Amino acid sequence: MTFADDAIAWYDQNARDLPWRQPTTSAWGVLVSEVMLQQTPVVRVEPAWHSWMARWPTPAALADDPPSEAIRMWGRLGYPRRAMRLHACAVAIVERHGGVVPDDLVQLLALPGVGTYTGRAVATFAYGQRHPVVDTNVRRVVCRAVQGKPDAGPATTSADLTAMAELLPPEDARAARASIAFMELGAIVCTARAPRCTICPFEEVCAWRRTGQDLPAGPSRKPQRYAGTDRQVRGLLLEVLRHATAPVPRQRLDLVWPDEVQRARALAGLVDDGLVEPLGANDFVLAGDGPSL
DNA sequence: TAAGCGTGGTC
DNA sequence: TGACCAAGCTT
């Protein structure tokens with residue numbers, strides 16, 4: 001048996017029943033799920049995914065609405081730039097690919113908001129191709145079980161892809177299943193904080209467990225502050241704009257944060273990022289809610 | 001390469 | 001309670 005075989009056998013018995021894993025789910029549905037899952041936990045994504053897919057079951061449907069609607073529907077999933085990019089992605093799919101999510105990895109990677117992980121995930125999970133798919137879970141599992149290291153540290157994309165590629169079975173379908181199995185293992189068993197080694201299919205062969213013990217050295221990624229940062233102010237500003245049904249006067253936005261300098265910087269950042277548009281001299285709207293559209 | 005980007009839950 | 005974490009991407 002190999003790591004991949006063990007992982008697949010475990011996955012067959014323990015996989016969560018998530019809607020985007022249904023065989024009937026479209027490539028668009030898979031793509032939407034992957035973007036939503038970038039840094040947002042499954043429990044929060046699931047209801048949002050259902051709402052999103054009910055409203056926009058195809059890229060063309062989303063492309064027909066303004067970005068502001070996508071930003072509103074995104075709700076509180078976080079990192080709302082993803083909503084904007086997903087909208088831009090839908091537009092690009094319509095323009096470049098006739099409304100069909102491409103199955104070619106290079107074309108996928110050229111889409112807005114689609115990076116190394118997401119492009120490979122769609123090619124693999126939606127189209128059944130054989131690619132190494134490495135997210136934070138896979139990185140952690142491979143580093144521990146195969147390489148015997150406590151944690152993977154910052155992403156080292158090229159090396160990670162190579163390491164995972166060596167574990168993939170030769171057949172496309174099993175390779176895809178191995179990738180999702182490694183991800184699920186990292187999410188459910190080989191977790192960052194308290195790995196449940198006693199129920200792990202790799203328990204007997206895990207290099208980390210054999211050689212060392214449990215000793216995750218430090219935080220696996222750089223600690224990120226939130227309170228008091230521009231990110232928090234952007235979030236507060238956007239929260240107001242999301243719920244607005246009419247252009248929002250600057251005076252209303254002034255209420256969300258006391259520091260004028262930081263507030264202005266955050267608002268300018270949202271405009272720069274294309275999430276917000278100034279309207280006239282004193283009002284603001286979500287991108288696409290302006291009269292220009 | 002590292003920093004910036006939301007939000008909420010856990011311990 | 002604050003630190004850490006959650007299917008990353010872009011610049």
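Residue numbers begin at 1 in each chain, while the letters A, B, ... track the order of the sequences. What you see is a predicted model; the values in this text were computed from it and never measured.
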Give the rounded distance in Å between these two atoms: [atom1] of [X] and [atom2] of [N].
X        : N     : atom1 : atom2 : result
A:Glu184 : C:dA6 : CD    : P     : 14 Å
A:Met84  : C:dC9 : CE    : C1'   : 11 Å
A:Arg120 : C:dG8 : CZ    : C1'   : 14 Å
A:Glu34  : C:dA6 : CD    : P     : 16 Å
A:Leu86  : C:dC9 : CG    : P     : 13 Å

**Fill in**
Assign each of A:Arg140 and A:Gly115 the nucleotide of DNA chain C bearing its closest heavy atom; nearer the 5' end lies the nucleotide of A:Arg140
**Complete:** Residues of residues 103-113 of chain A with a heavy atom under 4.0 Å from any atom of DNA chain C, listed by number, are A:Pro112, A:Gly113
**Request:** List in numerical order all residues of residues 157-180 of chain A for which some heavy atom is under 4.0 Å away from an atom belonging to DNA chain B.
**Result:** none
**Prompt:** Among pairs that include at least one residue of residues 195-204 of chain A, which meet side-chain hydrogen bond (donor to acceptor under 3.5 Å, both in side chains), considering only residues two or more places apart or in two chains?
**Reply:** none
**Pairs touching residues 230-248 of chain A that satisfy side-chain hydrogen bond (donor to acceptor under 3.5 Å, both in side chains), sequence neighbours left out** = A:Arg76-A:Glu239, A:Gln224-A:Arg231, A:Asp230-A:Gln262, A:Asp230-A:Arg265, A:Arg234-A:Asp273, A:Glu239-A:Arg242, A:Glu239-A:His243
**Prompt:** For the rings on A:Trp28 and A:Trp56, is their centre-to-centre separation under 6.0 Å?
**Reply:** no
Residues in side chain to side chain contact (heavy atoms under 4.5 Å, CB included) contact with [X], at least two apart in sequence or another chain:
X        : value
A:Ala268 : none
A:Ala121 : A:Glu34, A:Tyr117, A:Phe125, A:Val133
A:Ala48  : A:Met36, A:Leu77
A:Ala165 : A:Pro132

**Message:** Generate the contact string for nucleotides 3-8 of chain B. Rules: B means base contact, S means sugar-phosphate contact only, - means no protein heavy atom under 4.0 Å.
**Reply:** SBBBBS
**Message:** Applying side-chain hydrogen bond (donor to acceptor under 3.5 Å, both in side chains), can you list everything that pairs with A:Ser26, at least two apart in sequence or on another chain?
**Reply:** none
**Asked** What's in the same ILVMFWY side-chain cluster as A:Leu286, cut-off under 4.5 Å, chained through other members?
**Response** A:Ile71, A:Met84, A:Val233, A:Leu236, A:Leu237, A:Leu238, A:Val240, A:Leu241, A:Val248, A:Leu253, A:Val256, A:Trp257, A:Leu267, A:Leu270, A:Val271, A:Leu275, A:Val276, A:Phe284
**Asked** Do A:Arg140 and A:Asp135 sit within salt-bridge range, that is, some charged N less than 4.0 Å from a carboxylate O?
**Response** no
Would you be so kind as to tabulate the donor-acceptor pairs closer than 3.5 Å made by side chains of residues 106-116 of chain A, with sequence neighbours excluded?
none

